Every structure is written in C-alpha cells, then in structure tokens.
Q: 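Can you keep this structure in mind? I'll have questions shortly.
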2 protein chains.
Amino acid sequence: MAQPDESPDDRTGPIVEDLVLGSLIGYRLKRAYMRIQPEAQRVLAEDDLRVVSFSCLSIIADNPGIVQAELAQALQMERSNLVVIIDELEDRGLITRTKVPTDRRRYALGVTLRGHHLRDRAAQNIREAEDAVFGRLDEDDRATLIAALLRLEGRATA
Amino acid sequence: MAQPDESPDDRTGPIVEDLVLGSLIGYRLKRAYMRIQPEAQRVLAEDDLRVVSFSCLSIIADNPGIVQAELAQALQMERSNLVVIIDELEDRGLITRTKVPTDRRRYALGVTLRGHHLRDRAAQNIREAEDAVFGRLDEDDRATLIAALLRLEGRATA
DNA sequence: CGTTTATTGTTATTGACTATAACCATTATT
DNA sequence: AATAATGGTTATAGTCAATAACAATAAACG
C-alpha cells in the first residue's frame, strides 16, 4: 500500500508530481526555507530568541547606533512590530537604547557585551543547523549559493 | 541626510551591514522569497486565487485522483486547513471531488477543464512575474538554480 | 520667526494564516 | 468482534504582519 521506498524519516512520502509548481523559483525558495526555518527556530529557542529577535540583535550588532526606523527598513518590517522586540532585548540586557542628542525622537541602538556574545553563539548554532539540514558546504559552494540568492534579490555582486 | 545613491525605487535604503545575518542561507532564502511572494500574490489575485489555492490546483492537476491527505502532505500543510480551500475550488468549478469506491472515507480530486486552463494561465503569469522580479533566466540558469534549491531541500538529482 | 508638514517611536487593533484538538464515518488490525 | 488507525471535517486558539491613530519632535517653507 505504501510506496516501495519509505524510510522512517521519509520526507518525500508518496511520489507526487509537481512539474509545473515545482519549476517555479518562488515555490522552490519557500520549500527550501521551510526546511531550515523550524531548525533555526529550535536552536534560537534554546537562547530564548525568536528568529526576528536574532535578526534584530544581529543587525544592531553590525550597525551600532542604528535607530529603529532604519532597522525596520533593513529587515523589511513595520516599525510598530519592532517595538516589543526591542523592548524585550533591552529588558534582557542584550541591547542599549540611548537618545540621539541631535534628534530627540530617535534612540540609537547598540548591543551590550552579553548581547554580542549571545549573537555570536546563536549565529554559530544556526550555521551548524544549516550544515545539518542542508549538508555541509565548503566556503566556495556557500559563497556561490549566497551570491545566487543575492542575485535573485536584485543585489548582484557584479 | 539620505545616502548618496538613492533612486526612486530604491530597495536598499541606507547601507546597513549584515555580515553575519546576511551570510546565513536561511536568511537569504527568506529575503529572496520576500521579493517574489507579493508579486505572485498579486498576479494570482487577478484570478481570485491565493498562493495556496494555486498550489493545490496545480498539484491536483498534475496528480489526478490524489486525495486530500496526500495533497496536504505534498504541500506540507494540515489536512484541516485544506478543507476550506478545496471547498472553494470545488464551488468555483475548478476541481471535482468523487468518492473513492474502495475507500469511502476518501475523495479523489481532479481538475475540471476550466480548472486546468486557469492553472496554466496562472502558472504562466507567475513565471512572467518571476522574470520581472528576478530577471529573465535562460533555461540552463533556471535549471541550475532549481537544482541548487532542490539540493538544499535534500532532493538532490544525483 | 510661525505655521504647516513629515518623521520617530509607540499603542491598540485587525485580519490572515497555522497549528491543535476533537469528532464521525470508515477501514485496518488483531 | 473488538480495538486501533485513517480521512475528512469543524471549531478554536495562537502567531504574526499590516494598519491606523497619536504625542513628541524635527524639517520645510511661507
């Protein structure tokens, strides 16, 4: 009754044809993302981080002094949805908020030492999760893949 | 105040560093997907289809006789969430549901002629949207990209 | 100047989508 | 025959993104 080839962790299940859908880049992107997303979520949860929290923490770490509106634009999310995330990161002592002297509407964001350590550790965990899910890629393959995805984003290197 | 290079449809905005986050495959997949998803949504909406409805329609078209549980597994979604989608596709006369004689719990799904035409047209629209967003790729490049994404999914060709 | 317009961070709310649990009918297992 | 498992269904809860409105502040402009 089952398909001939079914292993315990079978991901494919019964063979289903997807000639049209499967040749769409958007569909393939989503499917690939669906493979890594739960794993990233899982490893980040060990540090009580959500994917979006980690993204914020990481961008702030690499852009000290960035303000919320810029961060929101960088992550393509709404300013309003950032607030609770920033609040929590600050409450946990992972980031700092300091008023910009020249513009009192804005808060300059920065990561604390703890925040930086957590970011680095979480990033390492995600990389290892990606290796586990996608299979280890050497640096060249990884760079090629990233470049291809950047090209899709319209951020071509050349 | 603004960065030196800002065009009307500027996607990058002020240059924000993302050395760590940006080198994660998962993040790059998500970003690439975020570029095409709204456009796919938009072109499908012209035919009163959602992305998930189109996906169902397309899988059914390529797998006549498939039942809901199989379809749910193929699209990695919950059976329960499929019901309303299938209902609507049937109400619109795009698919048919016929009881399986040998197992009266199951409904064999199939697409009507109208459904098939709609599927083909919608697929073509999405392809054109992908070309517009990602830049036209020749068949070789497209195949290479699809193969790379399939490899990430653990569905390597070789 | 002074008035108007725009921006930033914020709150509250809404809608869309996903996951979960429970249920009945039917089939498989034993 | 009794029990367990499966398919479709319904209802519900939780998660997340999008929107609108607002006060404080700054920018634009007469």
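In the text below, chain A, chain B and the rest are named by the order of the sequence lines, each starting its count at 1. Predicted, not measured: the structure shown is a model, and the values here were computed from it.
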Q: Which atom pairs, donor and acceptor, lie under 3.5 Å between side-chain atoms of residues 38-46 of chain B and protein residues at least two apart or in another chain?
A:
unit_1  : atom_1 : unit_2  : atom_2 : d
B:Glu39 : OE1    : B:Arg42 : NE     : 3.1
B:Glu39 : OE1    : B:Arg42 : NH2    : 2.9

Q: Which of these, B:Arg97, B:Arg79, B:Gln73, sits in a side-chain hydrogen bond (donor to acceptor under 3.5 Å, both in side chains) with B:Gln68?
A: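 Of the listed residues B:Arg97, B:Arg79, B:Gln73, the side-chain hydrogen bond (donor to acceptor under 3.5 Å, both in side chains) partner of B:Gln68 is B:Arg97.
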
Q: Between atom CZ in B:Arg106 and atom P in D:dT6, what is the gap in whole Å?
A: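 In whole Å, D:dT6 P lies 11 Å from B:Arg106 CZ.
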
Q: With each end axis built from five pairs of C1' atoms, what bend angle do you get for the helix from C:dC1-D:dG30 to C:dT30-D:dA1? Round to 10°.
A: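 Between the axes fitted at each end of the helix from C:dC1-D:dG30 to C:dT30-D:dA1 lies an angle of 30°.
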
Q: Looking only at side-chain N and O atoms, does B:Arg142 offer a donor or acceptor that is under 3.5 Å from a partner on A:Ser23?
A: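 Judged by distance alone, the side chains do not pair up.
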
Q: Do the side chains of B:Arg92 and B:Asp87 get close enough for a salt bridge, i.e. N-O under 4.0 angstrom?
A: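 No, B:Arg92 and B:Asp87 are not salt-bridged.
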
Q: Respond yes when some side-chain nitrogen or oxygen of A:Gln68 is under 4.0 Å from OP1 or OP2 of C:dT7, and no when none is.
A: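 So the side chain of A:Gln68 is outside the cut-off, no N or O lying under 4.0 Å from OP1 or OP2 of C:dT7.
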
Q: Under a 3.5 Å distance rule, please check whether B:Glu78 uses its side chain to pair with a backbone N or O of B:Ala72 as donor and acceptor.
A: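 Looks like no, no N/O pair under 3.5 Å.
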
Q: Closer than 3.5 angstrom, by distance alone: can the side chain of A:Glu128 be matched with the main-chain N or O of A:Asn125 as a donor-acceptor pair?
A: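 Side chain of A:Glu128 to backbone of A:Asn125, a donor-acceptor pair under 3.5 Å: no, none is there.
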
Q: Taking atom CG of B:Leu71 and atom CD1 of B:Ile59, what is their separation to the nearest 0.5 Å?
A: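 Reported to 0.5 Å precision, the distance equals 7.0 Å.
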
Q: Could you check how far CZ of B:Arg50 sits from P of C:dA16, rounded to whole Å?
A: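 Value for this atom pair: 9 Å.
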
Q: What's the CD1-P distance between A:Ile66 and C:dT8, to the nearest Å?
A: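 Spelled out: CD1 on A:Ile66 to P on C:dT8 is 12 Å.
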
Q: Donor-acceptor pairs under 3.5 Å, side chain of residues 131-138 of chain B to any protein atom, not counting sequence neighbours: which ones?
A:
unit_1   : atom_1 : unit_2   : atom_2 : d
B:Asp138 : OD1    : B:Asp140 : N      : 3.0
B:Asp138 : OD1    : B:Asp141 : N      : 2.8

Q: Scan B:Val67 against the nucleic acid and name what it touches under 4.0 Å (heavy atoms): base, sugar-phosphate only, or nothing.
A: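 Sugar-phosphate contact only - B:Val67 comes under 4.0 Å of backbone atoms but never of a base.
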
Q: Identify the residue among B:Arg31, B:Arg35, B:Gln37 that makes a side chain to side chain contact (heavy atoms under 4.5 Å, CB included) with B:Tyr33.
A: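 It is B:Gln37; the other options fail the test.
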
Q: Calculate the interatomic distance between A:Gln37 atom CD and D:dT15 atom C1'; express it in whole Å.
A: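 That distance rounds to 12 Å.
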
Q: Take the protein atom CG of B:Leu82 and the nucleotide atom P of D:dA11, then report the distance between them rounded to whole Å.
A: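 Checked: the CG to P distance equals 17 Å.
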
Q: Quickly work out the A:Glu70 CD to C:dT8 P distance and round it to whole Å.
A: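 From A:Glu70 CD to C:dT8 P: 8 Å.
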
Q: Name every residue in residues 85-97 of chain B that has at least one heavy atom under 4.0 Å from any atom of DNA chain C, in order of residue number, or write none if there are no such residues.
A: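 The answer is none.
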
Q: Treating Ile, Leu, Val, Met, Phe, Trp and Tyr as nodes and any side-chain heavy-atom pair under 4.5 angstrom as an edge, say whether B:Val111 and B:Leu113 lie in one connected cluster.
A: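 B:Val111 does not cluster with B:Leu113.
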
Q: When every nucleotide of nucleotides 18-25 of chain D is labelled 5' to 3' by its protein contacts under 4.0 Å (heavy atoms), B for base, S for sugar-phosphate only, - for none, what sequence of letters results?
A: BBB---BB

Q: Which residues satisfy the salt bridge (Lys or Arg N to Asp or Glu O under 4.0 Å) test with B:Asp47, sequence neighbours excluded?
A: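 Here the qualifying residues are B:Arg121.
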
